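Only one structure is covered here, and it is reproduced in the block below.
Note that the coordinates shown come from a computational prediction; the quantities given were computed from them, not determined experimentally.
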Amino acid sequence: MNKKIIIGIFIILLISIFALILLKFEYKHIQTGNNISKSDKNNILDISSYEASITVEVRSNKNTNKYKIKQKYVKPNIFYQEVQEPIYMQGLTIVNDGEKTILENKKLELKKLYENFNGDASNLNLVSFIEEYKEGTGNEVEETEEEIIMKTKITKNQNKYQTYQNLYISKNTNLPTKMELLDINKNITVYILYNEIKVNQTKKGDIL
């Protein structure tokens, strides 16, 4: 009986050691890999849709203006953005249905239609970063203990106040936490905080 107990304990110890080695190997593999491109849940560079509540800070030498905005996007070019704060801008919306863009102020009951609008509906949206990053040649990736930082240079709409973009991705959720637009001297001019975001769940009917 004692011999069987000893053998049983020995087998359990071997299994435990094997499990620890396996877990250590898997952890190391995950840490050294790129969580953005290898995630089974979300590939940020190839999302089909997203919906987000963001806080935007627009910074200048004199002051900082803060906005709370709701955004929705569905591939390839369906986009919705609504200002929630400040109060005096509440209800200001931009809607792009793929062919035309509508600017509307619900409070003032004003609406402007742009046919065959070829410009970006908003340079604050996540897709603007994704497009720049895919086409960029000087992209960089940095890592901290908790985040992956994707960096690119803006080439589509050249503006000395918005020359670079940085997107921060949580390693834990594989979702964006914040985005920065920087001027030619790499000073932050626009800071975007993702309060809530979900990807690949929004449909065209949720916007139009």
Audit row: Ile94, Ile102, side-chain contact (heavy atoms from CB on, under 4.5 Å) steps and yes/no: CA-CA 6 Å; Ile94 299 172; Ile102 299 173; over 6 Å; no

Stepwise side-chain contact (heavy atoms from CB on, under 4.5 Å) check, Leu124 with Gln71: CA-CA 9 Å; Leu124 305 179; Gln71 292 180 337; 4.0 Å; yes

Full working for side-chain hydrogen bond (donor to acceptor under 3.5 Å, both in side chains) between Asn195 and Ser53: CA-CA 6 Å; Asn195 303 310; Ser53 294; over 6 Å; no

side-chain contact (heavy atoms from CB on, under 4.5 Å) between Gln165 and Met179, intermediate numbers included: CA-CA 7 Å; Gln165 274 183 300; Met179 183 164 67; 3.8 Å; yes

Verdict with supporting geometry, Tyr67 and Val58, side-chain contact (heavy atoms from CB on, under 4.5 Å): CA-CA 8 Å; Tyr67 309 88; Val58 180; 3.9 Å; yes

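Between Val190 and Gln162, some side-chain heavy-atom pair lies under the 4.5 Å cut-off. Side-chain contact between Ile69 and Gln81: present, with at least one pair of heavy atoms (C-beta onward) separated by less than 4.5 Å. Counting only heavy atoms from C-beta outward, the side chains of Leu126 and Ile197 approach each other to under 4.5 Å. Two residues are said to be in side-chain contact when any heavy atoms from C-beta on lie closer than 4.5 Å; Arg59 and Thr189 fail this criterion. Side chains of Leu45 and Met150 form a contact here, defined as non-hydrogen atoms less than 4.5 Å apart. Between Thr177 and Leu167, every side-chain heavy-atom pair lies at or beyond the 4.5 Å cut-off. Contact annotation: the side chain of Lys68 never approaches that of Val83 to less than 4.5 Å [non-hydrogen atoms, C-beta and beyond]. You'll find the side chain of Leu175 reaches within 4.5 Å of the side chain of Val199, heavy atoms only.
The salt bridge (Lys or Arg N to Asp or Glu O under 4.0 Å) search around Lys75 returns Asp46, not counting sequence neighbours. Under the salt bridge (Lys or Arg N to Asp or Glu O under 4.0 Å) criterion, Lys70 pairs with Glu51, sequence neighbours left out. Residues satisfying the salt bridge (Lys or Arg N to Asp or Glu O under 4.0 Å) test with Lys151, not counting sequence neighbours, are Glu142.
Residues Tyr80 and Val95 come closest through the heavy atom pair CD1-CG2, 3.5 Å. Scanning all heavy atoms of the two residues, the minimum distance from Pro176 to Ile44 falls at CD-CD1, 3.8 Å.
Between Lys171 and Glu146 no salt bridge is recorded (no basic side-chain N to carboxylate O distance below 4.0 Å). Salt bridge present: Asp97 and Lys100 bring a charged side-chain N and a carboxylate O closer than 4.0 Å.
Looking at Thr101 and Asn96, their side chains do bring a donor and an acceptor atom within 3.5 Å of each other. Of the N and O atoms on the side chains of Asn139 and Thr152, at least one donor lies less than 3.5 Å from an acceptor on the other residue.
In this structure, CG on Leu92 lies 8.5 Å from CD on Glu82, to the nearest 0.5 angstrom. The CZ atom of Phe79 lies 5.0 Å from the OH atom of Tyr50; values are rounded to the nearest 0.5 Å. Summarising the geometry, atom OG1 belonging to Thr163 is positioned 5.0 Å from atom CD1 belonging to Ile184; distances are rounded to the nearest 0.5 Å. For the atom pair Ile148 CD1 and Glu143 CD, the distance stands at 4.5 Å (nearest 0.5 Å). Rounding to the nearest 0.5 Å places CD1 of Ile78 at 12.0 Å from CG of Asp206. A distance of 15.0 Å separates CG in Asn125 from NZ in Lys72, rounded to the nearest 0.5 Å.
Within 6.0 Å of atom CD in Gln201, more than 12 heavy atoms from other residues, nucleotides or ligands are found, so the atom counts as buried in its surroundings. Within a 6.0 Å radius of NZ in Lys153, no more than 12 heavy atoms belonging to other residues, nucleotides or ligands are found.
Judged purely by atom type and a 3.5 angstrom limit, Glu147 has no side-chain atom pairing as donor or acceptor with the backbone of Ile169. Between the side chain of Glu57 and the backbone N or O of Thr64 there is no donor-acceptor pair closer than 3.5 Å. Put simply, the side chain of Asn185 never gets that close to the backbone of Asn187: no donor and acceptor are under 3.5 Å apart. No side-chain donor-acceptor contact under 3.5 Å links Ser49 to the backbone of Val74.
Ile87 and Val56 sit in two unconnected hydrophobic clusters of ILVMFWY residues. Membership requires side-chain heavy atoms under 4.5 Å apart, directly or through other members. Criterion: ILVMFWY side-chain heavy atoms under 4.5 Å apart, direct or through other members. Under it, Ile192 and Tyr161 are not part of a common hydrophobic cluster.
Taking a 4.5 Å side-chain heavy-atom cut-off between Ile, Leu, Val, Met, Phe, Trp and Tyr, the cluster of Tyr168 extends to Ile149. In this structure, Leu182 belongs to a hydrophobic cluster whose other members, linked by side-chain heavy atoms under 4.5 Å apart, are Tyr164, Ile188, Tyr191, Leu193.
Pairs of residues two or more places apart, or lying in two chains, that qualify as ring-ring contact (aromatic ring centres under 6.0 Å, His included) and include a residue from residues 128-156 are Phe129-Tyr133.
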